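What follows is a single structure, written as structure tokens, with notes after it.
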Amino acid sequence: MAAGCCAAAVVTALPGTAHAAENLPPRQPVVQDLQTNFKACATGDAPAYVPVVPVVTAALYDPEEDNQPAEANMVGGEFEAWWTDASGAEQRRRYVSPYQQPSGMAQRWQLPSDVPADTVVSWHVRATDGTATSAWSSEGTGAACRFVVDRVSPDKPVVASAEYPAEQWRDGVGVYGSFTVDSPSPDVVAYEYDFMGGPRGTARPAEPGGAATIRFLPQRTGPIYLSVRAVDRAGRSSATATHFFYVNPGRAPIAHWRLADAAGSTSAAAETGPAARAGGGVTFGGPAPTGTDLTATAALDGGRGGFLTTDAPAADLRKTFAVSAWVRPARTDRTMAVASQDTADGAGFTLGLRAEDSGTTWSFALGDARVSGGLPETGEWAHLLGLHDAETGRTRLYVNGHEVGTPAQAAPAVASGAFQIGRARHGAGYGHRWQGDLGDVRVHDRVVVAEEAAWLAHRQPQRLGHWSLETATDGTSPERNGGTPLRIAPGATIHRGPDGSCVPDLDPECPVVPYALDGDGHLALDGASGHAVADGTVVDTSDSFTLGVVVRLADSEPARPMTVLSLPGQHTDAFKVRYEPTAHSWQLVVPERDEAGAPERVVSQIVPADGGEGQGHRLAVVYDDGSDTIKLYVDGYTNAGATADLPRTWRATGPLQIGRGLTAEGPGEYLRGDVDEVQAYAGALRDRDIPALGHGGGEPCLC
């Protein structure tokens, strides 16, 4: 401390520098640089409320004009606090910094424990450099900081809801509810809340001690609870109030046309709502998207008679609504409407396909707001859902269960005219007529949440094959459900695990037989010629598919790449899953076209080679044509590095290969190791389905 004080008083000249000949006093501390318990300094009639006797803080400065060497710009603080006690006598406490600190640093004082609660306490500070002292922070245009210590926590709040009362089942997923929270304490300024599974946040009353309202949109059915704590102006929290309530499933559509009517029908029967009159360009009895519960759809010819209408509104566009349908466009070179609703001079909303110079996308428009995204494909089924949430003003679009585009803010629209399927009104007439197939048109008067959008678009995968590889007869291993068997080539054998007739640890003559990867047996491959083939392509690589396999490598440091699954075309594999030892990873390789040397998409997961030990790894390939993504899973999981966008694929023509792939020289990359539980599906299994593959011969429930 002595050195610091002396430094402030003595000026030492250095070559090339000049310093002030006279020491200047430190700056007067300003209110903006003062804090009470890390709250901004409060002055006047609005003191800060704190939960405990506080620490007060001040940033103190030496003037820049006091051009001393850096080590000389040191300042300390003198703090003073005062209050009037219960007898009316003034009490004062003072504190002086025990040492000085560089200019600009914060100085702190923990006030003494005898500072009383529920009493207005004032404090100020001044700075000193050991020679000169500043004015107090309360002098001149300054002001004293004021605070009150509040040692009493607020009372627990009470929660009430008309839409979701406690311990009752009420409507429902996708329907907003209000929760009123109120504490008897008069100084509550916030309510911190947390719904089970989210969201969480803070609600503030209009004035201290008042009630606050929390809005909530249930995303799932079942029991839910809301936890709330009241927070007073001192920052003290109450005990937690918990409001348990039960949410029903989302209510049914207000209008629903499956469009699965018999051929020759002139109108579409409604599951709910009015029937829809069909124009002459509508043909019922068309094909339905596989993996759905639809049995038929309607084909619209794109002409003047290609429409259906209710001749009345189906949705109140001033409120929340959603419109969805299964669609298959016969062309993608023009704008076409799947559904719309009339206004006096146009369409209040339009859901469909929009063609622009930059390309063709799916689109949902409400008034001047539009959301676009996804890539329509001629002759390919897609599920569309347009949603307008009047609570937030946001308009969203889901394609095949995935949100696309950027949500748009839309103003409420008034559309009292007829609901249209397959066309949209423009002025006095109609245009943007749909050419293609439509089915399962629904209108909701609530939010359809993301999980429901995915469920509506879900196409149930179909099992195509499951080879357990436990037995082989005449060079073939059977498919579990009697389908096409696997042909086993030389260099590949079925390894059978111990049969349980003896126990090596108890019987010295009992042979030691390694266990199979899964079940009673697996396929052992020699890495030279061993492989297996399932005649036929098994899966259509131009559409969604899933393949799973269990594999264990024989070597801990393989000398070359080795393929476990592939599906060839004429010149290259449509895809292959291989181990790449230089990267220590399993890779999924997807050529862009059926040409030797074609550019490839490669995704991977780093996994050390097995070296013949352990239970191997469960690999899966999932291509989702709806989201245009392909993923590689290892042991039930994928990540960003194992996922690729794949807007276009091509159809493989060769048989499914186990244990080898195509190279520039022909078949190669033979696997040295063990393979088990090969499974194939038409359709994309969901993330939650993948962990069931390859476990005990199990299969996903697909529910």
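These numbers come from a predicted model, not from an experiment.
- Of the possible polar contacts, none joining the D342 side chain to the G417 backbone as a donor-acceptor pair under 3.5 Å is found.
- Residues passing the ring pair (Phe, Tyr, Trp, His ring centres under 6.0 Å) test with Y623, sequence neighbours excluded: none.
- Side-chain contact between V327 and M336 is absent, with no heavy atoms from C-beta onward closer than 4.5 Å.
- Rounding to the nearest 0.5 Å gives a distance of 9.5 Å between OH of Y681 and CG of L464.
- The two residues D171 and N248 have their closest heavy-atom pair at N-ND2, 3.6 Å.
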ask   = What do the steps show when you test L619 against V634 for side-chain contact (heavy atoms from CB on, under 4.5 Å), and what is the final call?
value = CA-CA 5 Å; L619 310 183; V634 179; 3.8 Å; yes
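- No side-chain heavy atom of T643 sits under 4.5 Å from any side-chain heavy atom of V603.
- Partners of Y164 according to the ring pair (Phe, Tyr, Trp, His ring centres under 6.0 Å) rule, which considers only residues two or more places apart in sequence or in another chain, are F245.
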Taking only distance into account, with no hydrogens and no angle test, what donor-acceptor pairs under 3.5 Å do side-chain atoms of residues 355-368 form with protein atoms, sequence neighbours excluded?
unit_1, atom_1, unit_2, atom_2, d
E356, OE2, R354, NE, 2.8
T360, OG1, T332, O, 3.0
S363, OG, R370, NH1, 2.7

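- Within the model, atoms OG of S324 and CG of D440 stand 6.5 Å from one another, a figure rounded to the nearest 0.5 Å.
- Taken from CG in L308 to CG in L438, the straight-line distance is 8.0 Å, to the nearest 0.5 Å.
- Shown here are the side-chain contact (heavy atoms from CB on, under 4.5 Å) partners of W455, two or more places apart in sequence or in another chain: there are none.
- Ring centers of Y430 and F307: at least 6.0 Å apart, outside the cut-off.
- Between the side chain of T649 and the main chain of D543, no donor-acceptor pair closer than 3.5 Å is present.
- With a 4.5 Å cut-off on side-chain heavy atoms, T653 and R651 do not count as touching.
- Judged purely by atom type and a 3.5 angstrom limit, Q420 has no side-chain atom pairing as donor or acceptor with the backbone of A339.
- Here D445 pairs with R251 under the side chain to side chain donor-acceptor pair (under 3.5 Å) rule; sequence neighbours left out.
- Side-chain N or O atoms of T309 include one that pairs as donor or acceptor with a backbone N or O of D311 at under 3.5 Å.
- With sequence neighbours excluded, the residues that form a side-chain contact (heavy atoms from CB on, under 4.5 Å) with D182 are Y191, A211.
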inquiry  = Determine whether R258 and L294 satisfy the following criterion, side-chain contact (heavy atoms from CB on, under 4.5 Å), listing intermediate values before the conclusion.
reply    = CA-CA 7 Å; R258 296 183 68 82; L294 287 177; 3.5 Å; yes
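- Side-chain contact between Q679 and R480 is absent, with no heavy atoms from C-beta onward closer than 4.5 Å.
- Each of D624, D687, D645 was evaluated against K631; a single residue qualifies, D687, per the salt bridge (Lys or Arg N to Asp or Glu O under 4.0 Å) test.
- Taking all atoms of both residues into account, the shortest heavy-atom contact from S544 to A684 is CB-N, 3.8 Å.
- Annotation: the span from L384 atom CG to L353 atom CG amounts to 8.5 Å, rounded to 0.5 Å.
- By the ring pair (Phe, Tyr, Trp, His ring centres under 6.0 Å) test, H432 is found to be paired with H426, residues two or more places apart in sequence or in another chain being considered.
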task = Step by step, work out the side-chain contact (heavy atoms from CB on, under 4.5 Å) result for D316 and F321.
result = CA-CA 7 Å; D316 186 343; F321 74 96; over 6 Å; no
inquiry  = Does E479 form a side-chain contact (heavy atoms from CB on, under 4.5 Å) with T484? I'd like the steps, not just the answer.
reply    = CA-CA 6 Å; E479 196 275 329; T484 302; 5.9 Å; no
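- Here the side chains of L685 and L693 are in contact, with some heavy-atom distance below 4.5 Å.
- Taking CZ from F195 and CD from Q219, the interatomic distance works out to 11.5 Å, rounded to the nearest 0.5 Å.
- Taking 4.5 Å as the limit, some side-chain heavy atom of D594 sits within range of a side-chain heavy atom of T572.
- Put simply, the side chain of T537 never gets that close to the backbone of G654: no donor and acceptor are under 3.5 Å apart.
- Partners of E595 under the salt bridge (Lys or Arg N to Asp or Glu O under 4.0 Å) rule, at least two apart in sequence or in another chain, are R593.
- Judged purely by atom type and a 3.5 angstrom limit, Q341 uses its side chain to pair as donor or acceptor with the backbone of A314.
- Applying the side chain to side chain donor-acceptor pair (under 3.5 Å) test to E452 and every residue at least two apart in sequence or in another chain returns R446.
- Taking each heavy atom of Q409 and T392 in turn, the nearest pair found is NE2-O, 3.4 Å.
- Within the 4.5 Å cutoff, no side-chain heavy atoms of R459 are placed close to those of H383.
- Minimum heavy-atom separation, A410 to T395: CB-OG1, 3.3 Å.
- A donor-acceptor pair under 3.5 Å is absent between the side-chain atoms of R220 and the main chain of V247, judged by distance alone.
- No donor-acceptor distance shorter than 3.5 angstrom exists from the side chain of T310 to the backbone of P274, with no hydrogens or angles considered.
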Show which side-chain atoms of residues 173-181 pair as donor or acceptor with protein atoms under 3.5 Å away, not counting sequence neighbours.
unit_1, atom_1, unit_2, atom_2, d
Y176, OH, D389, OD2, 2.6
S178, OG, R215, NH1, 2.7

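- Considering CZ of R204 and CD of E192, their distance stands at 8.5 Å, rounded to 0.5 Å.
- At a threshold of 4.5 Å between non-hydrogen side-chain atoms, the residues I630 and R601 do not count as touching.
- Between Y633 and V622 the shortest heavy-atom distance is CE1-CG2, 3.6 Å.
- Without hydrogens or angle criteria, S161 side chain to A166 main chain gives no donor-acceptor distance under 3.5 Å.
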ask   = Do Y193 and F216 pass the ring-ring contact (aromatic ring centres under 6.0 Å, His included) test, and can you show the C-alpha distance, the side-chain angles, and the key distance before you say yes or no?
value = CA-CA 11 Å; Y193 65 88; F216 175 65; 9.1 Å; no
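- Here the shortest heavy-atom pairing between W326 and A457 reads CH2-O, 3.4 Å.
- Enclosure of atom CD in E592 by more than 12 non-hydrogen atoms of other residues, nucleotides or ligands within 6.0 angstrom is indicated.
- Applying the side-chain hydrogen bond (donor to acceptor under 3.5 Å, both in side chains) test to pairs two or more places apart or on separate chains, none has a residue in residues 296-308.
- Looking only at atom types and distance, the side chain of Y246 has a donor-acceptor partner in the side chain of E167 under 3.5 Å away.
- Judged as a ring pair (Phe, Tyr, Trp, His ring centres under 6.0 Å), and not counting sequence neighbours, the contacts of W257 are F419.
- Q462 places a side-chain N or O within donor-acceptor distance of the main-chain N or O of Q460, the cut-off being under 3.5 Å.
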